[in-house]
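Both counts, for ligands and for their atoms, begin at 1 and track the order of listing. In this text, all values refer to a predicted model and were calculated from it rather than measured experimentally.
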Amino acid sequence: MPPKPKAAPAAKPGSTGDILAAIRAQGAKGGAAGAPVESTAPKAVVASMAAPAAKSGSTSDILAAIRAGKGSAAAPTVAAEAPAAKAAVKPVAAATSGGAKLSVEEMLKAVRGETAGTAAAVPALAVPVKPALPPMPVKPPSAKEKKITVELGRRSLLVICLSPLVLAFASMAGAALLWLLNLARFMFPNVLVEPPTKFKIGPASDYPLGGVSTKWLAARGVWIVHTDQYKGQNLIYALASVCTHLGCTPNWLEGEQKYKCPCHGSGFYINGINFEGPAPRPLERVGIKLASDGQLEVDKSVKFQEEMGQWEDVNSFVDGALA
Ligand code: FES
């Protein structure tokens with residue numbers, strides 16, 4: 001007995017395109033119901049599906065034939081040809097036996113699911129994989145676009161700065177700042193820093209008889225006088241350089257031996273007694289004494305008026321014999 005040819009093991013169908021291509025190829029070979037059986041399961045399935053549509057060969061014809069597969073002549077043909085083909089047709093026929101129309105994907109899923117157990121026998125169909133395209137590089141903004149962006153930013157800033165609300169708040173902030181500055185200035189009033197009222201003017205020998213020293217006029221506002229023309233007494237005393245009329249500062253005129261006020265012409269002798277002009281009374285003395293270190297010390301905090309008899313006070317003069 002010659003060995004009975006075995007049916008080829010069932011193979012897993014490929015993609016839809018592969019199956020349709022195989023169906024067309026089968027139809028081209030004249031694969032009618034009585035055509036020779038191929039050795040692979042997908043081809044058997046294809047043969048069973050493509051039998052009625054082999055002549056036309058279009059996709060729509062093939063799919064119509066598959067959907068009408070339950071009553072076609074392909075089923076018995078496949079059943080007689082290969083067990084794998086039977087297994088492949090079974091799910092499609094079962095699915096269409098109720099008259100329901102299946103989509104292409106549903107039929108392909110049914111075929112692939114039924115023959116999954118025999119997938120190892122079918123070589124995997126090579127599916128070309130498209131290489132991933134590299135990402136498009138980001139185009140940097142041109143100089144013109146940058147300029148436009150900067151210009152728009154400036155305009156926006158200008159619009160914001162010139163808006164009435166911003167101007168109002170800026171005015172309020174400026175007024176508040178000025179008020180705070182004035183308040184701070186009020187907390188620090190003007191302070192007139194005056195020199196101390198007591199100061200030393202050196203030994204009595206620096207002031208000879210008959211002379212008027214202007215050494216302390218500018219800094220301290222006093223003349224140091226050494227004279228014997230007041231009641232015949234040899235005295236050293238300090239005269240305040242303030243006119244008794246309206247407070248101007250007279251000048252000592254060495255040639256005329258008098259103090260002359262530039263404001264209204266009042267004149268005073270060397271001893272301070274007024275003799276001309278509107279000045280109503282003599283110049284005033286300030287305190288003076290001999291300090292422990294032998295120097296003369298002037299004290300402007302106390303004043304002595306001649307018309308009130310205060311020039312007799314010992315604190316208003318120093319004995320000229322010490323000079
Ligand atoms: Fe000196 Fe008037 S102020 S004379």
Side-chain angles (χ1 to χ4, degrees), residues 182 185-323:
N182 287 330
R185 180 68 182 83
F186 175 75
M187 299 302 289
F188 299 94
N190 289 330
V191 177
L192 182 59
V193 180
E194 293 184 344
T197 56
K198 289 184 178 180
F199 54 95
K200 292 182 177 179
I201 59 174
S205 57
D206 290 347
Y207 305 95
L209 180 63
V212 175
S213 174
T214 59
K215 181 179 179 181
W216 304 98
L217 179 65
R220 302 292 182 174
V222 294
W223 291 287
I224 308 301
V225 182
H226 187 185
T227 181
D228 56 358
Q229 295 186 19
Y230 182 72
K231 297 183 179 179
Q233 299 172 335
N234 185 6
L235 304 175
I236 297 176
Y237 49 87
L239 287 177
S241 59
V242 178
C243 180
T244 53
H245 178 218
L246 293 177
C248 292
T249 301
N251 297 311
W252 167 246
L253 303 180
E254 182 70 28
E256 302 178 21
Q257 291 288 299
K258 67 177 182 182
Y259 309 95
K260 189 66 175 180
C261 182
C263 295
H264 307 98
S266 296
F268 305 86
Y269 295 122
I270 185 174
N271 56 14
I273 302 297
N274 58 303
F275 68 94
E276 62 179 353
R281 56 188 179 87
L283 297 173
E284 295 179 350
R285 290 182 184 178
V286 297
I288 186 171
K289 68 177 183 179
L290 185 64
S292 57
D293 59 353
Q295 296 190 66
L296 298 175
E297 184 180 79
V298 176
D299 183 4
K300 291 186 64 177
S301 63
V302 292
K303 294 184 177 179
F304 303 92
Q305 298 181 9
E306 194 276 337
E307 71 275 14
M308 298 181 68
Q310 295 174 347
W311 281 17
E312 302 299 328
D313 193 318
V314 293
N315 294 319
S316 67
F317 61 90
V318 173
D319 188 359
L322 301 175

Point to revise | atom 2 (Fe) of ligand 1 - closest N/O/S atom in His264 | key: ND1
Point to revise | Proximal heteroatom of His245 relative to atom 2 (Fe) of ligand 1 (N/O/S) | key: ND1
Which atoms of ligand 1 sit under 4.0 Å from any heavy atom of [X]?
X      : value
Leu246 : 3 (S)
Cys243 : 1 (Fe), 3 (S), 4 (S)
Cys261 : 1 (Fe), 3 (S), 4 (S)
Cys248 : 3 (S)

Point to revise | Audit row: Lys289, Asp299, side-chain contact (heavy atoms from CB on, under 4.5 Å) steps and yes/no | key: CA-CA 8 Å; Lys289 68 177 183 179; Asp299 183 4; over 6 Å; no
**Study point:** atom 2 (Fe) of ligand 1 to nearest N/O/S of Cys263 less than 2.8 Å
**Key:** no
Check your understanding: Which residue, Ile224, Val225, Ile201, forms the side chain to side chain contact (heavy atoms under 4.5 Å, CB included) with Ile236?
Key -> Ile224
**Study point:** Verdict with supporting geometry, Asp206 and Leu296, side-chain contact (heavy atoms from CB on, under 4.5 Å)
**Key:** CA-CA 10 Å; Asp206 290 347; Leu296 298 175; over 6 Å; no
Exercise for review: Look at atom 4 (S) of ligand 1 and say which protein heavy atom is nearest, naming residue and atom and giving the distance to 0.1 Å.
Suggested key: Ser266 OG, 2.8 Å
Exercise for review: Kindly compute the distance separating CZ (Arg220) from OG1 (Thr197), expressed to the nearest 0.5 Å.
Suggested key: 9.0 Å
Point to revise | Gamma sulfurs of Cys263 and Cys243 within less than 2.5 Å | key: no
Review point. Can Lys260 and Glu276 be counted as an ion pair, charged N to O under 4.0 angstrom?
Key: yes
